[in-house]
Amino acid sequence: MSAPARPEERTDASMLAITTGFLVLHFIFHKPWMLVVAVCAGLIGLLLPPLARLVHLGWMKLAMALGWFNGRVLLSAVFFVLLTPIALLRRLGRSDGLALRKPTGSVWTVRDHTYVAKDLETPW
């Protein structure tokens with residue numbers, strides 16, 4: 001069995017992904033230039049390995065940039081646009097689901113419950 005290929009040696013997979021992606025986009029948006037790009041990417045992947053390697057390196061740089069953008073910008077936006085208002089509304093409400101506010105007495109909760117067979121049938 002051969003050793004797995006390093007990411008920089010996966011030019012054929014990158015070219016196939018680019019070709020397939022532009023074919024799918026062509027079928028969705030019906031733009032002829034997308035079909036031309038798909039055919040050119042496929043031919044480059046098959047016939048011109050040095051050029052395919054350059055395209056692959058550019059594709060990986062784009063992937064790194066998108067990963068940085070998704071990890072920092074988009075997730076931060078989701079946090080501040082969705083989670084922060086929900087947390088503020090929850091804090092304005094009077095519910096204390098985790099019992100985090102200062103208790104008046106003990107925080108120990110007594111639960112007198114005898115387990116029966118029915119409890120074990122559907123635990124969730």
Side-chain angles (χ1 to χ4, degrees):
M1 177 182 259
S2 64
R6 295 189 330 234
E8 54 271 357
E9 294 175 354
R10 303 275 316 194
T11 58
D12 52 345
S14 293
M15 296 308 292
L16 181 61
I18 294 169
T19 302
T20 306
F22 274 104
L23 278 175
V24 169
L25 289 174
H26 169 71
F27 288 127
I28 292 172
F29 297 113
H30 304 290
K31 301 288 184 187
W33 66 269
M34 292 181 181
L35 182 61
V36 172
V37 171
V39 170
C40 289
L43 289 175
I44 289 171
L46 285 174
L47 302 175
L48 302 169
L51 185 57
R53 198 169 299 113
L54 289 175
V55 172
H56 169 74
L57 291 176
W59 184 254
M60 289 296 111
K61 292 289 183 186
L62 176 67
M64 293 292 289
L66 288 175
W68 182 89
F69 184 79
N70 286 339
R72 287 164 183 83
V73 177
L74 286 180
L75 290 178
S76 297
V78 166
F79 178 80
F80 286 111
V81 170
L82 292 177
L83 297 179
T84 302
I86 292 172
L88 292 175
L89 288 174
R90 175 85 174 165
R91 197 171 275 203
L92 287 174
R94 294 291 173 216
S95 67
D96 190 17
L98 296 176
L100 296 176
R101 295 197 175 111
K102 291 186 178 181
T104 55
S106 173
V107 293
W108 184 264
T109 303
V110 178
R111 183 168 184 245
D112 291 326
H113 178 72
T114 304
Y115 288 97
V116 293
K118 178 113 173 103
D119 292 333
L120 298 175
E121 290 174 6
T122 55
W124 311 116

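Computed from a predicted model, the values in this text were never measured in an experiment.
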#### Entry: Interatomic distance, Lys61 atom NZ to Leu66 atom CG [nearest 0.5 angstrom]
13.5 Å
### Task
Work out which heavy atom in Phe80 is nearest to a heavy atom in Pro85; give both atom names and the distance.
O-CD, 3.4 Å
### Message
Taking Leu57 as the starting point, is it possible to reach Leu16 by hopping between hydrophobic residues whose side chains are less than 4.5 Å apart?
### Response
no
### Euclidean distance, Leu51 CG relative to Met15 CE, rounded to 0.5 Å
7.0 Å
### Query
Do Trp33 and Val24 belong to the same hydrophobic cluster, where Ile, Leu, Val, Met, Phe, Trp and Tyr are linked whenever their side-chain heavy atoms lie under 4.5 Å apart, directly or via other members?
yes
### Query
Taking atom types as modelled, is there a side-chain donor on Thr11 or His56 under 3.5 Å from an acceptor on the other?
no
#### Entry: Distance (rounded to the nearest 0.5 Å) between Leu89 CG and Thr84 OG1
11.0 Å
### Query
Taking all non-hydrogen atoms of both residues, which atom of Ser14 and which atom of Met60 are closest, and how far apart?
OG-CE, 3.9 Å
### Query
Counting only N and O atoms by type, is there a donor-acceptor contact under 3.5 Å from the side chain of Thr19 to the main-chain atoms of Gly42?
yes
### Query
Is there a path of hydrophobic side-chain contacts, each under 4.5 Å between heavy atoms of I, L, V, M, F, W or Y residues, that connects Leu75 with Leu82?
no
#### Entry: Short side-chain to backbone donor-acceptor contact, Asp119 and Val116, under 3.5 Å
yes
### Summary
Tightest non-hydrogen contact, residues Lys31 and His26, listed as O-ND1, 2.8 Å
### Summary
Closest heavy-atom pair, Gly45 versus Ala52, reported as atoms and distance to 0.1 Å, is CA-CB, 4.1 Å
### Task
Look up atom NE2 in His30 and atom CG in Leu35, then write down how far apart they are to the nearest 0.5 Å.
12.0 Å
### Query
Would a hydrophobic clustering, with Ile, Leu, Val, Met, Phe, Trp and Tyr connected at side-chain separations under 4.5 Å, put Val37 with Val39?
yes
### Query
Would Leu74 and Val81 show up in the same hydrophobic cluster when neighbours are defined by side-chain heavy atoms closer than 4.5 Å?
no
### Message
Would you compute the distance between atom CD1 of Ile18 and atom CG of Leu23 and round it to the nearest 0.5 angstrom?
### Response
12.0 Å
### Message
Once rounded to the nearest 0.5 Å, what's the spacing between atom CG of Asp12 and atom CZ of Arg53?
### Response
11.0 Å
### Query
Which heavy atom in Met34 sits nearest to a heavy atom in Phe29, and how many Å separate them?
CE-CD1, 4.2 Å
